Structure formats: structure tokens, C-alpha cells
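Heads up, the thing below is written out as C-alpha cells.
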Amino acid sequence: MTGAEVLLEALKRQGVEVIFGHPGGAIMPVYDALYRRRDLRHVLVRHEQGAGHAATGYARASGRVGVAMATSGPGALNLVTALADAMMDATPVVAITGQVPTGVVGTDAFQEADVTGVTMPITKHNYLVTDVNDLPRVVAEAFHIAATGRPGPVLIDLPKDVQNAEFAGTFPETVDLPGYKPVWKGHPRQIKKALEALRGAERPVLLVGGGAQGAAGPIRRFVEKSGIPAIGTLQGLGVIAADDPRYLGMPGMHGTYAANQAIHEADLILGIGLRFDDRVTGDLSRFAPRLRTLIHVNIDPAEIGKVLEAQIPLVGDAAWVAERLAEGAEPLRIEEWWQRIRAWQKAHPLRIPERAELQSQEVIRAFGEATGGEAVVVTGVGQHQMFAAQFYPVKRPRSFLTSGGLGTMGFGLPAAIGAQVARPDATVVLFDGDGSFQMTLQELATVAKYKLPVKIVILNNGFLGMVRQWQDLFYDDRYSEVYLADSNPDFVRLAEAYGIPAVRVEERAALEAAVERILASPGPVLADFRVVPEEGVFPMIPAGGSAEEMILEPPKEVKR
Amino acid sequence: MKRHLVSVLVQDHPRVLTRITSMFARRGFNIDSLAVGRTHLPGVSRISFVVYGDDRTIEQVEKQLNRLIEVLKVVDHDGPRLERELALVKVRVDGIEERLELKEIAEAFRARIVDVARTALTFEVSGHPAKIDRFIEELAHYGVLETMRTGALGMDRGERVLRLKARKEAV
């Protein structure tokens, strides 16, 4: 067996079914072995960044480890953004990169880059394999590290001579990492304390984040039993169904009024699987000023106490802890608190402004209604992403895939590809902006090649809308380099050039029928929705602000 | 801002030191000194470093170190501890009188003369880093030509032992 064959065998033993990748010189032995191995599917992307995000989309939609592959140097470096993205949003991904032969490593050989050096701060761990006999152990460790504890990306850099070397080792049965022992079970004493604190709380709220995506069952049972007001961060959408009466929406910069007010007035926050990112907290010194007890549940001890002091720290797996909380929960007597919350909800619900032109929010709402909130939604980054978070009624966990921590424009299309590969029978809807979409649009070829029935919805406002919104609010309307409409391609003809059916929708009157047709289509569709050019995402808490400074409505008339 | 001496046991793998220093730089932790060496345990190295910070910073330093896969154990020596640093100091010397003065200073600090030249003397001195600071200050008047310090090494006094038995709680 050669190193390349060992690699594929080791991947197979990890249960890998599909690899997203792009070949090149230094990874050719692996691609040659792949050619002869029919039980591993390979999805060919058109840019390695696409492979990285596709692996991420696959991982997030399925809960399994996504695998990306690239050649050395430029190929591997093109994975960098996707790895950083997976690291920030704690997504289990294993990346395999070719490397120049060990004999020339360090000599500036053709297509050489210090990939383990470059990716060190943006991976959970990485390996440079110099002995073929280490390879099965390294692959087993990489998958174990990627998938357990706080998940994250792991990179394996594999020099070409190691891929060709003859294997004389064995495949290990177990993984032995003496320095890596994630705490799975929360401490019983802390769980008891948490339940006691909940009983005594007058104004409790539950906040769930991306780490709770695998814990939706017990968390929903806990919410049901306790009747606690529940809030989901951008990565936590779908953990609690959007139509649950106890669900208040998203917190933070573009969160709902009710969710932010509830946090602002809360005396107890139970946070599960989130890290209190600055887009959630705003100014830390003014965040949740009436808070007496923070119960912070996270499997990564370093997240607890990093930005907010936790009175009850609880290190452990979200599902394990939530199961115990659900068992021990009692109905909370918080009628008065609920009355206040209901009043906030009633006073300032999310609303869509009255405009003559079609708006992104209406398009998203229409897809939400037509799919019953059951689609796997993927987004790019920008205004459309926030509109999708606000207006798509996510019903299920692992079905709102978006780049949160890193905010990677161009995440959408490749992540949607990964999600559709992971869940071939699911309706995958990509909401993307015209700016964000153009960062990775070459993956239309991948959609076409594999006939992936992704519904690509471009909310085309002809602007880098989120930047424009900030220029509007904080830079005195100086629209510096945000205008795209004069040079955007004709997205319909672009899609058609790839053999993907496409449609343009400009009128509100055509919306409903178009959405129905798009969803009914068996294959991929691209829809170019022409939406109002200058719209803002509201409510908004300016960066570094607090819930008291929430801007509820656009501050002035939309200009023409 | 308290001064802390932290010891880390790590797997002796390539780049493990880079992982640690890169994490310090990225997280904005300010490291005053750093020393690395093998231990009596096969495949295990020990790193000690001095860091200034409040309790919260030190807690983050420990937790972020524990996140690294190859880190086996982290200890902040916050009780009675031994702390030692070794330094070589080369000083300009001019005439017999200066030579005698320098010898006296060296004795006071238990420093040894390890190299002698016509216009230069080299001392070897060990002890608490603060003592080495004072020694170098004393020599400043004569003209310090070169210094090289190892960084502080640390160990708990008494029977407390930095062992690998206890499994760390980390991700």
C-alpha cells in the first residue's frame, strides 16, 4: 500500500463518504489512488475556497466531519479563509493538503508554502506527516480532534514522497492523545446550582448558540417544561423552533427588540453553547446590567469567563447538560416577566417597511411561508444574511448555515453545495447578496456538474448593502466604493451560461408564483430578485452600543 | 498586574513552541521571559515563562494553553516557589583596581568569573531574576558589553510536584 492508498483507507475507516477538493501537482498520487477507489465520492470544485466552505456546509447540515482536499502552495492557501471560518464557528472539518516532497521542504520549491505554519492559528490542530507509517494514526487523531470537544478544523499536510512511500505500519484501533481530554459530562454540583438559581430567578432568559445545534431535543424539552423565554443567536437559529411561543428571536446588533430588552432586564441568563460575541453583547460594560446570575454552559472552558464572568460556570457537552436541566426543570412562575416580554413583542415586532419596490424581507418571508420553515437555509454575508436571520422562520436545528464569527462573504454558494450533498433530499435555499455571491460564483459550475438542486436566491440591490448602510448611518452618506449595479453581470444569463435555469423577479405581484415555481423545480435554479436598492437592516444596535441605543426604524426617508 | 511564573509540560513535537508563542502573540499576552528544556520523562518537555497580568488574564493564559492539543499540563506557581535564572555578563574592565572592585561585586552576588581577557571579564551568575537585574545594574558603571539570560526556571517548593497523572480539563 502506498501512502496515498493508506490515506483513503484511513478516511474510509472514519466513515468518510465524500471529499470536496481540487487536484494539483503535489496531491496527484492521492487523486490517482482515488481514481481506482470507487467507494469514495469526490466533488470537484472550481476554487479550493469552495472546497473548504462546501466541507463546512456538509458538516453543519449533517453533524458529521466535512473533508476538503487541495494541492500544495496556492491550493492549500486558498483553503485558508474557509479554515478560519470553520474555526470561528466551531465546525468539524478535516483538510488534506499536498506538500512538496520532504527532501525539498524549506527550499522554496515550486508551489511550496509553509501551510502548517500559516494555518496554525486558524485550525484546532494541524499535522505535517513525514513518515508514511504515522498516517493512519494522524488521520484517526485528526477526525477525533475535529469532531469532539469544541469542534474545529484540522489540517493534514502530506508531502508527495510520503504519498508515494510504501506503508509498513498498522491502523490503530484507538486514539491516544494525552493532552486532549474534553470534558463531556457537566459537573453534577454545578447542574444542581443552575437548577436552584433558575428556581429563584424572577426574570430568566435562555440564550442558545451554535454549540447547541446538537442539543435541540433536550433544550426544547427544557423550554417546554420550564416555560423560560428563549433566544437564539445567529448560529443558534433552529435550536428552538421559530414558531415556539416562548421564542423571542435573535439577540444583538440586528436582533429583535423583545430579545434585547429581555436580556437587558434579565436577572438570570442561561447561556448554552455560545461565546457572547461582540455582535451579541455590544458594549460589555452595559450588557445585561440587571444580571445577577450567568450560567454559562460551554464545552470549551476557555470560553467561560473570557468576556463575561459566569457565576455558575458549567463545562460540558450542551446535549448532556441540557438533558439534566430538562430532567430537573420545574415550571417557572414568571407570569409578570412574560407580560413585560409580550408587551415588548407587541410594541416593536420585526416589520417590513412600506415601499413601492420589492424588498428582500418580503422575498425571504415568501420562501419561509412556502417551505413552512423546513428548508435548509444557507446565506452569504451582509444585509440579506441578517434579513434571512430575522424573517426566515427556522424550524429545525442544523438548517440555518451562515458564516457568523468570520463573516465570510462568498460562504453561501459553496456551503449550499456541501449542504445539498449532505442532504440530497432536502430543499436547500441559498439567500445571497449580489456582492457576496460574486465572491465564489465559479461554484455554479459545481452545481451544474452534479445537478445539485440548490435554489439560489440572489437578493440583488446593486450595492454592498451592509457597508452602504454603515456609510449611511455613520459616515454621513459618503458611499465609498459600494456601488455594484453598473457592473454586475446579468445573473440570469450567467446562470444560463452554466446550464442552470434562471429567472428574474422584479415585481411584488410576481413574487408568490415565482417562489412556488422555483421550489417546485426538480433541479437547480437561480433567481435574481431585484430589490429596493437602499434598504437598511433594522432594528440595529450600533457597534459598541447597548440595548438602550437600539435604532428601531430607518432614521430618515430612503433617498433616491 | 501581578507577576506569575507558569510551567507547562508539553509533548516534545516539532513546532510545539511555535504553537505556544504564536498563541501568546495572537491573544495579546505579554511574556516577560521564556525557558524550554527536556525533562526526565521521555518525549516530554517543560516550558516556564513569566507573565504579568490580573487574575482574569492568567486564567485565560492557562485555559488557552490547555486548548493546545500537545499541552499536557499547566501550572501557575502561585505558592512558595523556587525561581532561578542563569546569566552570562561580559563587562569592560580597565586596570587592576577595577578588576578588584568587580571581583568584590561578583562575590557579593555569588557570581563566578568564567572568562578573562585584557579589557573584558565575563561573569556567570544564577539566582532569582531580580537578583540578576541588580547584578547587571551594579556592573553598569563599568560598561556592560554583552548579556545573555536563560529566562526564569520555576518549581514549587516542598512536596508539591508537577506530575502528569492528573488529566487536564481541556478542549
Side-chain angles (χ1 to χ4, degrees), chain A residues 84 87 90 105-106 114-131 134 138 141-142 144-152 154 157 175-187 211 275 298-310 313 315-317, chain B residues 6-29 31 36 39-47 51 53-76 162-171:
Chain A
M87 184 73 173
V105 165
D114 176 10
V115 171
T116 38
V118 167
T119 58
M120 197 176 277
I122 53 163
T123 51
K124 188 170 170 186
H125 195 57
N126 63 19
Y127 293 91
L128 172 65
V129 182
T130 52
D131 181 345
D134 289 341
V138 166
E141 287 179 6
H144 178 68
I145 292 167
T148 57
R150 178 187 184 158
V154 179
D157 204 21
V175 168
D176 179 30
L177 290 163
Y180 179 72
K181 305 283 169 201
V183 174
W184 183 259
K185 298 178 180 176
H187 200 290
R275 57 189 175 87
N298 204 302
I299 199 158
D300 182 355
E303 284 306 336
I304 300 175
K306 188 179 83 176
V307 294
L308 284 177
E309 194 196 334
V315 178
D317 172 67
Chain B
V6 179
S7 283
V8 190
L9 294 180
V10 298
Q11 286 182 295
D12 183 14
H13 288 173
R15 298 215 198 200
V16 63
L17 189 60
T18 313
R19 285 186 202 281
I20 289 171
T21 52
S22 143
M23 185 277 289
F24 284 159
R26 186 162 58 94
R27 300 264 173 201
F29 301 139
I31 301 306
V36 198
T39 67
H40 64 295
L41 305 167
V44 177
S45 289
R46 180 162 172 161
I47 299 171
V51 58
D54 52 25
D55 291 349
R56 194 140 152 199
T57 308
I58 298 307
E59 186 186 315
Q60 269 297 307
V61 167
E62 288 184 44
K63 284 178 165 180
Q64 295 296 342
L65 279 167
N66 270 318
R67 287 177 87 190
L68 301 174
I69 308 294
E70 289 149 331
V71 166
L72 302 170
K73 182 133 188 167
V74 183
V75 165
D76 174 18
L162 180 48
R163 249 194 269 272
L164 272 183
K165 209 169 61 190
R167 301 236 125 145
K168 73 171 191 176
E169 298 186 358
V171 172

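Being a predicted model, the structure only gives us computed values, none of them experimental. In what follows, chains carry the letters A, B, and so on, assigned in the order in which the sequence lines appear, proteins first and then strands, with residues in each chain numbered from 1.
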Q | salt bridge (Lys or Arg N to Asp or Glu O under 4.0 Å) partners for A:Asp131, two or more places apart | A | none
Q: Please round to the nearest 0.5 Å and tell me the distance separating atom NZ of A:Lys181 and atom CG of B:Asn66.
A: 13.5 Å
Q.
Could you measure the distance from the CD atom of B:Glu59 to the CD atom of A:Glu309? Nearest 0.5 Å is fine.
A. 9.0 Å
Q.
According to salt bridge (charged side-chain N to carboxylate O under 4.0 Å, His left out), does anything in residues 16-29 of chain B pair up with another residue at least two apart or in another chain? List the pairs.
A. B:Arg19-B:Glu70
Q.
Working to the nearest 0.5 angstrom, can you tell me the gap between B:His13 NE2 and A:Tyr127 OH?
A. 8.5 Å
Q: Tell me, for B:Arg56 versus chain A, whether the close heavy atoms (under 4.5 Å) come from the side chain, the backbone, both or neither.
A: side chain
Q) If you look at every heavy atom in A:Ala302 and B:Gln64, which pair is closest and at what distance? A) CB-NE2, 3.6 Å
(Q) On a heavy-atom basis, which atom in A:Asp114 and which in B:Arg15 lie closest, and how many Å separate them? (A) OD1-NH2, 2.9 Å
Q. Is there a donor-acceptor pair closer than 3.5 Å between any side-chain N or O of B:Arg67 and the backbone N or O of A:Pro301?
A. no
Q: Return the minimal non-hydrogen interatomic distance between B:Leu72 and A:Gly179, and the atom names on each side.
A: CD2-N, 3.6 Å
Q) Is a donor on one side and an acceptor on the other found under 3.5 Å between the side chain of B:Lys63 and the backbone of A:Ile304? A) yes
